[in-house]
Each structure stands twice: as structure tokens, then as C-alpha cells.
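Structure first, then comments.
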Amino acid sequence: MSARKTKNAPAPQVKRSDWPAIRLAYRHLTGLEYDGEARTNATWTERGDKVMHPTGRARRWNYRPRIQRAAIRWGWTAAAAGEGYLGITSPALAAGTLQGAGGAATMWAGYRTSEAALGFAHRRRVVRPLAKALARPLETDPVNILRDLAVPVRTDRPNVVVTVPVPDGWHGDRKAVESVVTARLGGNWEAEWRMHQAPFSVEFTRSPEPPGMVKWSSILDMIADNAPGEVVVGLDSRSKAVRGDFVREEPMWGLSIGSGGGKSVFLWSVAAQLIAQGAEIVGIDPKYISLDPLVGIPGVTIHNDPRNVQGMWDAIREFREELEDRFDKWTQDRSLKFTRKVLILEEGNMFSDISKDYWRDVKKKGDPASPPVWGDIAAILRMGRQANMNVVAVFQRMDDAATGGRGLRDSFGFRMLGRFTWQGWRMLVGTNPIPRSQKRRGRFIVVDGGAHTWVQAPYVTEEEVRSFCLDARQAQRWGSAPAGVTPDVTSHTPESFQVTHTPPASVTRDVTPPRLVLVKDTPEPQEAPAPAPAEVPAPRHSLASAAREGVVPMSADALRQAKRRPGFPPAGDDGKWSAEQLTEWFANRPGNKAAPEKEAAGE
């Protein structure tokens with residue numbers, strides 16, 4: 001019975017696990033992974049573009065088509081078999097062949113190792129982050145982009161080319177891809193899309209550099225085309241005007257320009273264009289002479305004595321007080337439009353140093369450690385846009401210490417850098433790769449959001465600045481008001497302002513109306529009587545200037561506190577007071593017993 005069962009029993013089946021050698025040989029010869037688990041979606045003839053393994057990892061080898069992997073394996077297997085055959089039949093020839101193959105392999109490995117060592121930091125800081133950033137607009141995995149992404153180490157050289165692979169079947173937003181590359185690599189790039197046949201790609205070629213010099217006379221037509229609040233800051237690589245804007249998203253400008261980079265000349269051109277639009281300028285210049293061409297221009301006030309730090313602080317405080325007054329008026333009437341007023345802070349690092357030294361000498365126990373002027377500057381930066389009041393600050397190094405330690409750098413939405421270091425770029429911009437700083441005077445890189453544009457700033461002489469500004473003020477009917485006096489600006493017509501001529505700076509402009517001659521019936525003409533001398537308006541004071549000039553024996557802070565109490569005289573339309581108003585209020589202010597006692601004594 002048992003023998004019959006044994007005879008009729010089915011033959012034992014051989015499991016696949018019983019033949020590991022055959023299984024490995026099959027996978028080896030057909031290009032499969034040795035563990036049998038596919039890493040990507042690669043087929044016999046198509047490259048893989050998606051990771052399929054649960055770990056989410058795949059090597060470059062796993063993206064190759066299976067037929068290619070099989071051919072490579074067949075090749076080195078045949079080479080190994082041939083070397084073994086030669087070792088049996090001709091040992092000397094086999095040894096020579098082995099040495100030659102070993103030498104070639106050593107050279108190739110050395111080349112790859114040196115390339116990897118030199119490009120490791122570049123790939124880690126530039127190439128890999130760029131591949132990750134491009135993965136979203138290209139709708140693919142970063143590994144697929146990284147495989148064929150070609151980014152040279154020196155992307156700041158002219159005509160350098162960056163190649164970005166494009167997945168098959170992609171029809172996304174080209175502008176998004178171009179903006180990512182421009183933002184990450186900086187500068188100006190021209191994109192050429194190659195989508196006619198596979199492999200698809202887009203090549204970015206760096207544009208040529210801006211012109212070597214831009215004369216003031218060559219951009220006057222561009223300046224005439226400025227919209228209100230726009231300023232031509234330079235020409236780009238295509239000799240097109242690059243403009244900064246005080247109206248929309250960049251109301252505050254921060255410049256970090258090394259010594260000798262052309263800061264002063266750039267400020268002259270910016271101030272001249274603002275003056276042509278009817279703006280008022282308040283300049284803080286601890287360097288004495290940086291803003292000299294603007295001294296004496298109507299509507300321009302310059303404080304340039306580094307020994308009078310308190311005077312500079314008072315000017316900034318007055319700027320803030322006018323800002324607050326504008327807000328008070330604006331909350332009452334939202335239809336009000338204010339004339340633009342710009343605070344220019346030249347040599348911000350020096351201003352920060354002398355402010356620290358001065359505050360160290362005058363501060364009292366319980367006062368804050370940092371100079372209070374930075375509180376005024378912070379308020380202007382954060383509130384000035386709505387009141388049409390702006391700041392242009394220039395530093396040699398715009399670090400946190402130079403801006404009062406209040407984190408004010410982020411308040412400058414529009415930034416320009418020149419003659420910068422890699423530390424300065426990382427501090428202010430923070431993108432990679434870091435462009436090579438150019439030493440040419442007036443060569444700046446404009447950082448406006450994610451766009452980085454190299455420009456050549458216009459070169460203007462002192463004579464050209466003064467002539468341009470005086471012509472603008474005369475066209476706006478500012479007359480010949482002394483510096484610091486603010487005339488009526490309701491008749492400004494910056495839209496129609498045109499420069500008709502450029503007389504030399506030495507010409508004295510006489511804006512006094514011509515004397516008229518009255519003619520009677522008699523043939524002999526009689527001259528009209530000489531006009532009476534014009535009345536000089538009484539000077540008006542802000543609270544800071546009233547305290548500084550001793551109009552009333554009170555400090556500026558005390559006057560500001562008194563302003564909030566009932567009985568303080570109202571300010572004029574210009575936000576200032578006459579000396580008579582302040583002295584009369586001081587003599588009759590509440591709590592002053594001197595006036596009643598004198599009256600009772602008959603004095």
C-alpha cells in the first residue's frame with residue numbers, strides 16, 4: 001500500500017529560491033537590479049524619470065534603459081572572460097593588457113575624483129539647490145534635472161552658457177523657469193528654448209556687460225520720460241534705462257557701496273531727478289562735501305558738519321515730525337496729496353559712529369544704550385510711504401551695527417551694491433552663486449526683489465547738477481528762495497518740465513521781474529519809482545530749531561510734550577511756528593506765575 005502511494009505521488013516541484021545562481025545570471029545579463037526590485041520606471045528602451053523604490057532613492061545607473069545596462073554588463077563580462085583566456089594561453093600578453101587597463105582606469109578615476117573634489121562645493125551650493133528650485137516649474141523630480149543640468153563654476157563671465165534639461169511632454173510656464181534661473185544665478189540672461197526634438201533643453205546665455213560710461217546728457221530724454229516717483233539709476237547691458245521707484249513697492253532705498261565706488265555722483269543724479277519732479281531734499285552728510293553741488297538749491301537743506309551731531313539729529317526729528325503731521329492731516333482728509341520729501345543719508349557708517357560717540361558723551365543715567373535718532377529713522381522707514389516721504393541711505397557696509405542695531409536692513413526694499421565683498425552679498429542678498437564684484441566706478445548691481453541687474457550709473461559733473469536743478473526750480477516757479485525755505489509747490493508741473501539749455505554754473509540767475517517804464521503823453525519818458533524793498537518774511541521755527549536757537553528757554557522734548565496739552569498755538573500749513581507765537585505762549589502758559597506777578601507790581 002505504501003509502495004503504491006510512493007509510486008503514484010507527484011514529483012517534487014523545484015522552487016525559484018533553489019536556483020539563486022541562475023536568477024543572478026539572468027538579472028545580470030538582462031540589466032535588472034540584482035535584488036530584483038526596480039528603483040525607477042526605466043524600461044528596455046526608455047530612461048527612467050521617476051523613483052519607484054519605497055526608499056525614494058535611486059542612483060544615476062538606475063535611470064539608464066535596461067538595454068544599455070545590459071550592454072555595459074555584457075561588455076565588462078566579455079572583457080573579464082577575454083582576460084582570463086589570455087591568462088591561460090599567453091600570460092605575458094594578459095599582464096600587459098591588465099596593466100594598460102589598470103592605468104586607464106586609474107587616470108579616469110583620478111580625473112573623476114579631482115572633478116568631484118573641485119566641484120563639490122559648487123554642486124552643493126549652486127547646482128543642487130537650483131535643481132530643487134526648478135523641479136516645481138518643470139514638474140519633475142530634482143534628480144532628473146540634476147542629471148543633465150550644466151552650470152559652470154564661473155557664471156559671471158560674459159557669454160557663459162547654462163543648460164537646463166526639459167522633461168518630455170512638458171508644456172508649463174517658461175517665464176517661471178527663466179525667473180528661477182535669473183534669481184538664483186543673478187545678472188541678465190537670455191533664454192533659448194530647444195523644443196523641436198529630444199533631448200529637450202533650454203540654454204541660458206549671460207548678456208554682455210553694461211556700457212563703460214553713461215554721460216548725463218545721454219539720458220536726459222530718459223529722465224523726461226520718468227513717471228512721478230521714478231528715477232533712472234543706470235543703463236543695463238542693452239543700454240536700456242533701469243529705474244527705481246519710490247511709489248510702489250520700493251519706497252526706501254539702501255545702498256552698500258565700497259569706498260571709491262561712485263556713491264556721491266550717484267546721489268547727485270538721484271537728487272537732481274527728484275528735484276525735477278518737485279521734491280524737497282533733506283541731506284545728512286557727515287563727510288562735509290559729498291552733497292556740495294546741492295547746497296543753495298531751493299527746497300534743499302544740507303546738514304554737513306560732523307561736529308554738530310545734534311543738528312543732524314534735529315533735522316531727522318523734524319523730518320519725522322512732519323511725517324506725523326502729514327498723517328494727522330491725512331486721517332482727517334484722505335484725499336490729500338503731499339509733495340514728495342526725501343531724506344538722503346550719506347556715509348551711513350560714519351554717521352553711525354559719530355552718533356554713538358556723541359550719545360556716549362551726552363546721555364544720562366537711565367537713557368537707552370543706542371542713540372535715539374535711530375528710533376526716528378525707524379519710524380520714517382516704516383511709515384514714510386503713505387506720507388510720500390522716503391529715505392535714500394548710503395553705506396560702505398550696510399550691516400546691522402551701522403543701522404542702529406534695530407534690524408532696519410529689511411526695511412530697504414530697493415538695494416544697490418557696488419564694490420562689495422562676498423560677506424556683504426551673503427548678508428544683504430544671500431543667494432548663490434555670488435557674482436564677482438566689479439571695480440569700475442558707477443558699476444552697481446540692482447537687487448529688486450528676485451531680480452539682479454548690473455547697471456552703469458550715469459556720470460554727472462557738479463556744474464551739470466547745479467544747472468539742471470536750478471533750471472528745474474525756475475520752471476517750477478520756486479523763485480530764489482534761500483536753502484531750507486519751503487515755498488508754495490502747488491504750481492509744480494514736473495510732467496511738462498524739459499531742460500532747454502545748460503548754462504554754466506557761474507551764471508547768476510536773476511528772477512526779479514523787469515522794471516517797467518511808464519510813458520505819458522509827453523515825449524519824454526519818465527522812469528517809474530524804484531520798487532519798495534520786498535519784505536523779508538519772518539523766520540518760522542520747528543520745535544527743535546526753536547529750542548536750539550533759544551526762542552524759548554525749553555528743550556525740544558519739553559516743547560513736544562507741551563504741544564500735546566491745551567493752549568499750545570497751532571502750527572501753520574508748513575508745520576512750523578513763528579517766534580511771536582512761541583514767546584507769547586511761553587509768557588502766558590499755564591503754571592507760569594511770572595507774568596501775573598509783574599502785572600501786579602506795575603511792571
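Numbers for residues simply follow the sequence, beginning at 1.
Distance check: Leu291 CG to Trp268 CH2 gives 9.0 Å after rounding to the nearest 0.5 Å. To the nearest 0.5 Å, the span separating CZ on Phe351 from CE on Met312 amounts to 7.5 Å. Taking OG of Ser264 as the start and CD1 of Ile289 as the end, the distance is 8.0 Å to the nearest 0.5 Å. A distance of 10.5 Å separates CD1 in Ile257 from CE in Met398, rounded to the nearest 0.5 Å.
Looking only at distances, a side-chain donor or acceptor of Ser437 sits under 3.5 Å from a matching main-chain atom of Phe420.
No side-chain donor from either of Glu203 and Trp189 sits under 3.5 Å from a side-chain acceptor of the other. A donor-acceptor contact closer than 3.5 angstrom links the side chains of Asn390 and Arg340. Side-chain contact annotation: Ser467 with Glu464, donor-acceptor N/O pair under 3.5 Å absent.
In this structure the side chain of Ser256 never reaches within 4.5 angstrom of the side chain of Arg415, judged on heavy atoms.
Relative to the ring axis of Trp193, Arg174 places its NZ or CZ within 45° and under 6.0 Å from the centre.
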Let's go through Trp253 and Ile344 carefully: what are the C-alpha distance in whole Å and the side-chain angles of both, what is the deciding distance for side-chain contact (heavy atoms from CB on, under 4.5 Å) to 0.1 Å, and is it a yes or a no? CA-CA 10 Å; Trp253 292 15; Ile344 295 180; over 6 Å; no
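Across Ser239, Ser237, Ser218, a single residue satisfies side-chain contact (heavy atoms from CB on, under 4.5 Å) together with Pro211, and that is Ser239.
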